[in-house]
Protein chains: 2
Amino acid sequence: MPDVKVKLAQRSYTVRIGAGLLDKSCQLLSDLDLHGKILIVSNKKIFGLYGKQLQANLEKHYSTQVYLIGDGEKYKSFGVLQKVLRFLIQNKFERSDTIAALGGGVVGDLAGFAAAVYLRGINFVQLPTTLLAQVDSSVGGKTAVNDSLGKNLIGAFYQPRLVIADTKTLRSLPARELRCGLGEIVKYGLIDTPRLLTALGQKADITANLLAQCCADLLAQCCRIKAKIVSADERENDRRAILNFGHTIGHALETISHYRISHGEAVALGALGAAHISIMRGYLPWQTLDKLQKLFTKLGLPTHTGRRLDPDQIYRVMQSDKKVADSRLRMVLLKAIGKPIVCPVEYAEIARALAII
Amino acid sequence: MPDVKVKLAQRSYTVRIGAGLLDKSCQLLSDLDLHGKILIVSNKKIFGLYGKQLQANLEKHYSTQVYLIGDGEKYKSFGVLQKVLRFLIQNKFERSDTIAALGGGVVGDLAGFAAAVYLRGINFVQLPTTLLAQVDSSVGGKTAVNDSLGKNLIGAFYQPRLVIADTKTLRSLPARELRCGLGEIVKYGLIDTPRLLTALGQKADITANLLAQCCADLLAQCCRIKAKIVSADERENDRRAILNFGHTIGHALETISHYRISHGEAVALGALGAAHISIMRGYLPWQTLDKLQKLFTKLGLPTHTGRRLDPDQIYRVMQSDKKVADSRLRMVLLKAIGKPIVCPVEYAEIARALAII
């Protein structure tokens, strides 16, 4: 089982990756000396698939309760956060109790933020069930809720005590969500480890079953990249911003489409936009765009939004991005494949990039 | 000017205490290399007294905006927090911008929590204007909002970059709020430095003017006690809990009275309750209660709620206290004056303590 260690002094933790780990949750939590009650936060769909199994396992040692939220980005809201917090208060959860997030990025971000602010912080464990959450959002401690004016604007850096990624849960992943995760793997290839792109390009047909069975190493490789970057810059003062490659345009697309464009699709489109700007600046050869578009098409990721984007509207939304500094929008560009830089970008560059997606 | 250093590695900061410091705010913030915009969060009353002065000073170098909340504990709510956050989003505050809290504990706790979660954390500066905030709540990084089911149940540990305590602002302090602050000074005497009690007992008549003019050293002494405890245990895993002396019963009194009993009054009453339990256990001599009651009367602090307290109701509210562990209520008691301990207490002990307040 390939474990990944996120090194953050007294906040260090392990990402466990492997098939069937949900059935070992109780033991893994006991090994951390966690005691007290556990609130499982999940959504109806995921809980229907894996909730009873997890709960049965945890109840060997723990008393558990369940809070289910709706399925979708719109439930990652201030309103739902408040409901989770009131549930914790009403059920007298204590400082030494634990919140376990069973689900994808929405569940993990919301439950993690609740764990961060309830009684000023209680134990938190991530049990990611989507590819995107297993390779990205469950690792690194970013928690947040959305505001109608923008994504992830309210939140906390709050590290889990443990991440349990059971690759078996990927089997039930809808194709669209599988693609979202592949988009994040492409991101790691572009900002850090180019051979991930080669590996993805060589696989004939990537299905959820394939990933569930034999890709624990691929997931671990992604988590290792993320862990390395997060360990060096937990609170994104600097280096960690490169993990947002594709996300600046991506978040704006999610916001203006009211999350009809999914996170993974938006990031893929944002990555093409950022690659285009990098090319226009002469950092990357023109062929890169073509190669990326071909890879995306092979992976089932979009290369066009299918609509005319209004650069003014998108630029306005981008002004709320957390990387804006001194009123200047900054984006992650590529000096070369595997060599990201964060730098200010101009309106004209973004408008031209939007024209190709 | 007696400065106090709160030592927390890279989150260390200084508490500046002195008359006329509001007029040096701009320089003090520049010295920290803070740049960008400043949102002054305050309430109407305090802003009317000192807001323009502070704003004029800060505007020498900074662009400022103002957000005013209502005056009183009930505005330290999730709803008001959300409004402040939306204001920050709508006015495009950035990661490198700053929130400055001008006011007492309510303003500081709410503004600090907003700073903790907006964009996952922006710069925060405390400008406490009440005695209670200057000796206690502005130091140590506890931020929170209340829920109708209990006080400070939702929040974050988030340290300010700087605390500026202008003792001149104490001149306008209503007598009741002055007493609240004196109650916290009594607390420091009881849990750490008994000679503070002697000092308070010896002063003939403590007025706000007196404190404003010549008590910077007294305030600094209190801040130094708090800084020492916080530096040893920032997140209240252990030692920091002793700062909650008087607060377990106190918070419950605030909650059941809907904050008609003020924080300082509630803590004073809670301190008497905790002293009573300590006496019943044989930790303290019986005379202690009498001495404390006399000191409180001299300082204008209450020694009785003036109503019959329902122990069942108060015990129920206390169950939401953050110090509850394994469903057992814990309180800070005194093994001797200056020697606090945190330990489980029984319903019967609390019922007897409530009977004397």
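So you know, we letter chains A, B, ... as the sequences are listed, proteins then strands, and number each from 1.
With sequence neighbours excluded, the residues forming a ring pair (Phe, Tyr, Trp, His ring centres under 6.0 Å) with A:Tyr67 are A:Phe87, listed by chain and number.
Contacts between residues 235-251 of chain A and chain B, counted as heavy-atom pairs separated by less than 4.5 Å, involve A:Arg235, A:Glu236.
Between atom OH of residue B:Tyr118 and atom CG of residue A:Leu153 there is a gap of 6.5 Å, rounded to the nearest 0.5 Å. Taking OG of B:Ser320 as the reference point, atom CG of A:Leu119 lies at 9.0 Å (rounded to 0.5 Å). Interatomic distance, CG of A:Leu81 versus CZ of B:Phe78, reported as 4.5 Å (0.5 Å rounding). One finds the CZ atom of A:Arg328 at 11.5 Å from the CD atom of B:Glu94 (value rounded to the nearest 0.5 Å). To the nearest 0.5 Å, atoms CG (B:Leu149) and NZ (A:Lys92) are separated by 7.5 Å.
Two residues are said to be in side-chain contact when any heavy atoms from C-beta on lie closer than 4.5 Å; B:Ile154 and A:Gln82 fail this criterion.
Looking at B:Tyr158, the atoms closer than 4.5 Å to chain A (heavy atoms on both sides) all sit in the side chain, from C-beta outward. Of the atoms belonging to A:Phe113, it is side-chain heavy atoms, and not backbone ones, that fall under 4.5 Å from chain B. With a 4.5 angstrom heavy-atom cutoff, B:Thr143 touches chain A only via backbone atoms. Both the backbone and the side chain of A:Lys142 come within contact range of chain B, each with at least one heavy atom under 4.5 Å from a heavy atom of that chain.
Ranked by heavy-atom pairs under 4.5 Å with chain A, the list B:Gln319, B:Arg86, B:His35, B:Lys37 is led by B:Arg86.
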